[in-house]
Amino acid sequence: MSIETLNIETENVNGTLRRIWTVIEQRGWFVRCLLVEESGDGAKTWVQVSPYGERKIETLRRQIERLVNVRSVKLEQRSRVRPSMFKEIPHTEVVL
């Protein structure tokens with residue numbers, strides 16, 4: 001199973017994270033980890049996702065980029081042998 005990491009810069013507006021989460025799940029991806037950090041007048045979000053089937057991460061990146069209040073979305077390239085900076089949490093513990 002592949003794990004991809006998206007680096008998303010957004011405006012700090014109520015509901016933005018929920019819209020991002022909804023797009024990810026509706027497009028056939030599973031949110032494995034999520035990290036949000038406030039930065040100036042916005043927020044930076046790192047999301048690790050894995051597909052339910054055969055999905056293209058570039059398509060998901062473009063769809064998230066089109067959302068209101070999203071400034072940019074970058075796909076982080078990481079080595080599969082290097083450990084992630086994220087700690088995986090069970091889906092049931094995530095509260096939006």
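We use all heavy atoms of the structure for the numbers below, so side chains are in, but hydrogens, waters and symmetry mates are not. Fair warning: this is a prediction, and the values are worked out from it, not measured in the lab.
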For R27, enumerate each residue passing the side-chain hydrogen bond (donor to acceptor under 3.5 Å, both in side chains) test, keeping only those at least two apart in sequence or located in another chain.
Q63
Starting from the C-alpha separation in whole Å, work towards a yes-or-no answer on side-chain contact (heavy atoms from CB on, under 4.5 Å) for L6 and I64.
CA-CA 10 Å; L6 296 168; I64 293 172; 3.8 Å; yes
Heavy atoms only: give me the nearest E4-W29 pair and the separation to one decimal.
CG-CZ3, 4.4 Å
To the nearest 0.5 Å, what is the distance between CD1 (I3) and CD (Q48)?
6.0 Å
Please lay out, stage by stage, how F30 and E25 fare under the test side-chain contact (heavy atoms from CB on, under 4.5 Å).
CA-CA 6 Å; F30 176 70; E25 287 191 330; 5.7 Å; no
Show me the side-chain donor-acceptor pairs of residues 8-17 shorter than 3.5 Å, one per line, residues at least two apart or across chains.
| unit_1 | atom_1 | unit_2 | atom_2 | d |
| --- | --- | --- | --- | --- |
| N12 | ND2 | E38 | OE1 | 3.4 |
| T16 | OG1 | V13 | O | 3.0 |
| T16 | OG1 | R19 | NH2 | 3.3 |

Under the side-chain hydrogen bond (donor to acceptor under 3.5 Å, both in side chains) test, which residues partner E58, sequence neighbours left out?
R61
Taking all atoms of both residues into account, what is the closest heavy-atom pair of V47 and L34, and its distance?
CG2-CD1, 3.4 Å
Does R55 have any side-chain hydrogen bond (donor to acceptor under 3.5 Å, both in side chains) partners at least two apart in sequence or in another chain, and if so, which?
none
Could you grab the distance from atom CG of N7 to atom NZ of K74, nearest 0.5 Å is fine?
6.5 Å
Closest non-hydrogen contact found for K44 with S39 is CG-OG, 3.8 Å
Heavy-atom closest contact (I57 atom, V49 atom, distance)
CD1-CG2, 3.8 Å
If you take all heavy atoms of S2 and S50, which pair is closest and at what distance?
O-CB, 3.0 Å
Sequence neighbours excluded, which residues qualify as side-chain contact (heavy atoms from CB on, under 4.5 Å) partners of Q26?
T22
Which atoms form the tightest heavy-atom contact between S72 and E65, and what is the distance?
CA-OE2, 4.3 Å
